[in-house]
Amino acid sequence: MAQIFHRSTNFISRLSIYGAVVIIGALGYALYAIAMSPWYTDQNVKRQQPVPFSHRHHAGELGIDCRYCHTSVEKSSFAGVPPTQTCMTCHSQIWTNASMLEPVRASYRDDKSIEWIRVNALPDFVYFDHSIHVAKGVGCTTCHGQIAEMPLTERAGTLYMSWCLECHRQPEKYVRPKSEVFNPYYEPPSAGEQLKMGKKLVAEYNIKSLQTCSTCHR
Amino acid sequence: MEYSKLRTDLIPGVFGARGNTRSARSLARGVTVACLGTVALLLFGCRLDMHVQPKYLPYEPTDFFADGRSERQPVPGTVARGQLRLDELMFTGRENGVVVDKFPFPITRADLDRGRERYNVYCTPCHDYTGTGRGMIVQRGFPQPPSYHIQRLRDAPAGHFYEVMTNGFGAMYSYAARVEPADRWRIAAYIRVLQLARNSKIDDVPESERGKLTQQSAQQPSGQSMGQSR
């Protein structure tokens, strides 16, 4: 019986084998790239807020402490957005005619909540707690980035599980002295110094490396 | 509308509608990706049940109540456990209706440190670190508060500072929602420290510590008072 395939098709069969490897690899890479892209993770994407609130202005230039507005961050799982009254402690007297602050005044006048657009959000099956991180020397900027430089707030990390675990596996790479937790301009020392200081702080603050699933999925 | 009127009720902020959270939005995008990737099978496995659970997290909006807040105010007159406020001095700064110069608990070094920390967070934007009333917000046009070092405020009873923080004073809003009663007393104690630091004489320093001070002032050019050394 004559051969079904001509000799020249050997090339096509080899090409399709290697081609399949390449295509599957490329597809895998494309999916990974999409999963890590800001389009999917929202990392570094600015959100338009009802009031163009600027951390650069308030936390940076004016030097207002995070806790002045995010009052509950040391005591509870959530940091919270400030109530309208907090804005009005200052804006009842300054910039009282600015039209960009009209939603704040309207909220105060009509007893209506300002609806902020959420920037950082975890799925509901994840448990996260601010107070423990703040109490153990993890600074706001470690997770939220250079917030004092942001005219509009954006997300600084992917908030993937791998992102959390990166630190939970080796907290010594990220911890800082407790006195610097709220400092938006804190600069970590060079990698070697950080490890030395980190090991000391991990021992001093008794920081555990929490990796069991029930830490975050409870 | 007159905004300087003090309001004690808070208007909480909320986070806007659910569609804005990453979980829902990005999952929708994930579905698109899955389609594009021709892995149509995955689509059948994609459900949002666990990402968006039927429960309210703090600050989540609701359409069930007219004001859109899932956090409800307690019925007026409700007293939560541990929140019964019978101690007049602790919660009003008064005894028998009179403002008194007393603290409801003994002030220790730890209380003063806590007081300084709280003061630096909540008061320095206007009153500045030494209490002269030239904070950053005042430099940007906020009415200037009086210095803590004027005679009237040096003579003022501790309860007065507590009252100002609790109820607000003139252009200054109440800090009751942000600073707990015990911390308000600690701030009041720290204001006393600031006042003392501005008006102390070398005789006030224990004999054993004086050496250090004279050393320090030798290093500083002119005879600055202790209060300014911050």
Side-chain angles (χ1 to χ4, degrees), chain A residues 27 30-31 34-35 39-42 47 49-50 58 61-69 71-72 75-96 105 107-126 155 159 182, chain B residues 1-5 7-18 20-27 29-30 33-34 36-39 48 50-55 57-59 61 67-69 118 120-122 124-126 136-137 139-143 168 171-175 177-179:
Chain A
L27 205 76
L31 281 177
I34 290 172
W39 180 72
Y40 189 63
T41 63
D42 281 344
R47 294 254 157 259
Q49 300 286 353
H58 291 85
E61 286 160 29
L62 299 174
I64 308 172
D65 194 287
C66 310
R67 290 165 284 180
Y68 190 90
C69 295
T71 317
S72 60
K75 295 181 294 225
S76 66
S77 62
F78 51 94
V81 277
T84 307
Q85 192 231 22
T86 299
C87 309
M88 291 303 280
T89 44
C90 293
H91 290 297
S92 60
Q93 301 287 336
I94 42 177
W95 283 57
T96 45
R105 293 190 294 267
S107 160
Y108 203 64
R109 196 166 48 223
D110 308 337
D111 191 15
K112 278 245 172 64
S113 296
I114 302 178
E115 283 201 19
W116 300 102
I117 304 301
R118 208 170 173 133
V119 180
N120 297 276
L122 293 170
D124 285 359
F125 58 78
V126 183
R155 179 187 291 198
L159 303 196
F182 301 97
Chain B
M1 158 110 187
E2 181 58 59
Y3 295 113
S4 55
K5 190 169 90 16
R7 283 181 65 155
T8 47
D9 56 324
L10 299 181
I11 303 157
V14 295
F15 279 121
R18 263 306 179 84
N20 293 311
T21 67
R22 136 97 170 287
S23 28
R25 190 175 50 231
S26 73
L27 227 91
R29 284 174 183 168
V33 170
L36 290 174
T38 67
V39 201
L48 281 169
M50 296 299 278
H51 282 75
V52 185
Q53 297 168 8
K55 67 179 179 189
L57 295 167
Y59 296 90
D67 61 8
R69 298 166 198 154
R118 296 291 111 176
N120 288 352
V121 172
Y122 295 105
T124 47
C126 299
M136 195 59 176
I137 310 301
Q139 289 170 34
R140 300 292 177 104
F142 203 86
M172 176 181 147
Y173 274 34
S174 158
Y175 281 78
R178 276 178 271 175
V179 189

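Numbered from 1 within each chain, the chains take letters A, B, ... in sequence-line order. Everything quoted here is computed from the prediction, not taken from an experiment. The figures that follow rest on heavy atoms only: side chains count, while hydrogens, waters and symmetry mates do not.
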Heavy-atom check, side chain of A:Pro123 versus side chain of B:Met50, under 4.5 Å | no
With B:Arg118, which residues qualify under side chain to side chain donor-acceptor pair (under 3.5 Å), at least two apart?
->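 For B:Arg118, the residues satisfying side chain to side chain donor-acceptor pair (under 3.5 Å) (neighbours in sequence not counted) are A:Glu74.
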By side chain to side chain donor-acceptor pair (under 3.5 Å), A:Ser113 pairs with (sequence neighbours left out) B:Arg69
Mark yes or no: A:Arg67 above the aromatic ring of B:Tyr122, with NZ or CZ under 6.0 Å from the six-membered ring centre and no more than 45 degrees from the axis.
-> no
Considering only heavy atoms and a distance below 4.5 Å, find which of A:Tyr68, A:Phe78, A:Phe125 pairs most often with chain B.
->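 Sorted descending by pairs with chain B, the first entry is A:Tyr68.
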Most heavy-atom pairs under 4.5 angstrom with chain B, which of A:Ile64, A:Asn120, A:Val81, A:Thr84?
-> A:Val81
Checking heavy atoms, do the side chain of A:Thr86, its backbone, both or neither come under 4.5 Å from chain B?
->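 For A:Thr86, backbone and side chain are both near chain B.
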Where on B:Tyr59 is there a heavy atom nearer than 4.5 Å to chain A: the side chain, the backbone, both, or neither?
->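 Contact with chain A involves the side chain of B:Tyr59 alone.
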